[in-house]
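Proteins come first, then strands; the chains are lettered A, B, ... in the order of their sequence lines, and each starts at number 1.
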There are 2 protein chains.
Amino acid sequence: MNSGKRVFHNNEDCPVRNVVAQIGDKWSLLILFALVDGPERFNALKSRIEGISQRMLTQTLRDLEREGYISRTVYPEVPVRVEYALTELGKGIVKPLYELVLWADKHQPTIERARKTYDKHKK
Amino acid sequence: MNSGKRVFHNNEDCPVRNVVAQIGDKWSLLILFALVDGPERFNALKSRIEGISQRMLTQTLRDLEREGYISRTVYPEVPVRVEYALTELGKGIVKPLYELVLWADKHQPTIERARKTYDKHKK
DNA sequence: CTGGATCCCAATTGATACTG
DNA sequence: CAGTATCAATTGGGATCCAG
């Protein structure tokens with residue numbers, strides 16, 4: 001329907017929207033990739049992901065946990081230790097994400113050039 | 001170096017950062033996918049991408065143009081017609097993005113379940 | 001009329017200070 | 001250590017205005 005074109009963009013159940021809503025923010029991808037090498041503690045993540053505030057780290061971790069991408073484990077030691085790790089689902093999404101990153105990395109020079117051309121052309 | 005772990009997250013030239021900076025926002029993906037079927041005019045995009053404001057559409061189109069993902073062509077008719085289209089680079093990134101969307105679509109039910117479990121568990 | 005710029009206000013995000 | 005609370009700064013939505 002709709003003159004033969006798949007309309008992907010208008011509905012609540014649009015798969016593109018769902019991707020964007022879940023990981024299309026500034027920090028989710030960084031956090032997921034920060035966990036590929038294994039579980040990390042809160043403050044370890046904070047220092048690995050340069051520029052993130054505790055506020056955003058907490059909030060994004062909660063969101064990712066809610067969607068099922070990561071798990072949160074509290075070890076009741078003193079002082080308390082909280083570890084975040086990728087779930088199976090989280091490990092799963094990292095694969096296509098990694099393809100994307102590889103692509104972007106490969107084409108980075110092209111983009112760099114495009115940017116310069118644009119900036120020079122437009123006053 | 002760094003105890004054998006690739007450190008991906010701290011630097012300016014981190015490829016993950018570059019991806020996120022370019023398409024990790026609320027609208028870029030939607031716009032790219034709205035153009036896979038062929039060029040579209042400004043207002044056509046605005047109505048296809050439900051919920052976007054002119055402000056954000058203009059701004060995100062400019063950004064995508066700057067990075068080289070889309071082209072902007074002005075046809076000096078009356079009234080003026082402005083068409084946006086994917087460049088070769090834009091068509092290129094859509095492929096890994098599509099993989100990601102397929103993955104997300106496939107695992108949507110799992111995520112849905114995770115969300116419900118989380119919401120029920122946490123008061 | 002179409003594409004887009006501007007202004008104002010609400011919503012998000014960020015920087016710290018503080019707490020269990 | 002792992003957060004929460006608070007307030008400042010940034011960003012986004014929507015109406016309005018403008019050029020061709």
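Taken over five-pair windows at either terminus, the axes of the helix from dC1(C)-dG20(D) to dG20(C)-dC1(D) are inclined to one another by 30° (rounded to 10 degrees).
Taking for each of Asn43(B) and Gly51(A) the nucleotide of DNA chain C with the nearest heavy atom, the 5'-most of the two is the partner of Asn43(B).
Across all strands, Lys26(A) comes closer than 4.0 Å only to sugar-phosphate atoms, never to a base (heavy-atom distances).
Considering only residues two or more places apart in sequence or on other chains, Arg41(A) meets the side chain to side chain donor-acceptor pair (under 3.5 Å) condition with none of them. Remark: Ser71(B) pairs with no residue by the side chain to side chain donor-acceptor pair (under 3.5 Å) rule, at least two apart or across chains. Remark: Trp103(B) engages His107(B) in a side chain to side chain donor-acceptor pair (under 3.5 Å) (not counting sequence neighbours). Scanning for side-chain contact (heavy atoms from CB on, under 4.5 Å) contacts around Val78(A) gives an empty result, with sequence neighbours left out. The side chain to side chain donor-acceptor pair (under 3.5 Å) test applied to Asp63(B) returns no partner, not counting sequence neighbours.
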Can you give me the N/O atom pairs linking the protein to nucleotides 3-6 of chain D at distances under 3.5 Å, or say none if there are none?
{"unit_1": "dG3(D)", "atom_1": "OP1", "unit_2": "Arg62(A)", "atom_2": "NH2", "d": "3.3"}
{"unit_1": "dG3(D)", "atom_1": "OP1", "unit_2": "Arg72(A)", "atom_2": "NE", "d": "3.4"}
{"unit_1": "dG3(D)", "atom_1": "OP1", "unit_2": "Arg72(A)", "atom_2": "NH2", "d": "2.4"}
{"unit_1": "dG3(D)", "atom_1": "OP2", "unit_2": "Tyr84(A)", "atom_2": "OH", "d": "2.5"}

Detail all sub-3.5 Å separations between protein N/O atoms and N/O atoms belonging to nucleotides 18-20 of chain D.
none

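Considering CD of Gln59(A) and CG of Leu64(A), their distance stands at 11.0 Å, rounded to 0.5 Å. The structure places CD of Glu67(A) at 12.0 Å from OG1 of Thr110(B), a figure rounded to the nearest 0.5 Å.
No donor-acceptor pair closer than 3.5 Å links the side chain of Thr60(A) to the backbone N or O of Leu57(A).
When side chains are defined from C-beta on, Asp105(B) does not count as touching Val16(A), because their heavy atoms never get closer than 4.5 Å. Glu65(B) places none of its side-chain heavy atoms less than 4.5 Å from the side chain of Leu61(B).
Atom-to-atom, CE of Met56(A) to P of dC7(D) comes out at 17 Å; the value is rounded to the nearest Å. Atom OH in Tyr75(A) sits roughly 12 Å away from atom P in dA2(D) (whole-Å rounding).
When DNA chain C is scanned 5' to 3' for any atom under 4.0 Å from a heavy atom of chain B, the first and last hits are dC1(C) to dC7(C).
One hydrophobic cluster, built from ILVMFWY side chains closer than 4.5 Å, holds both Val74(A) and Leu35(A).
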Solution key, residues 26-34 of chain B side-chain donor-acceptor pairs under 3.5 Å, sequence neighbours excluded:
{"unit_1": "Ser28(B)", "atom_1": "OG", "unit_2": "Asp25(B)", "atom_2": "OD1", "d": "2.5"}
{"unit_1": "Ser28(B)", "atom_1": "OG", "unit_2": "Asp25(B)", "atom_2": "OD2", "d": "3.3"}

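Evaluation of the salt bridge (charged side-chain N to carboxylate O under 4.0 Å, His left out) test over residues 86-102 of chain B, restricted to residues two or more places apart or in two chains, returns Glu88(B)-Lys91(B).
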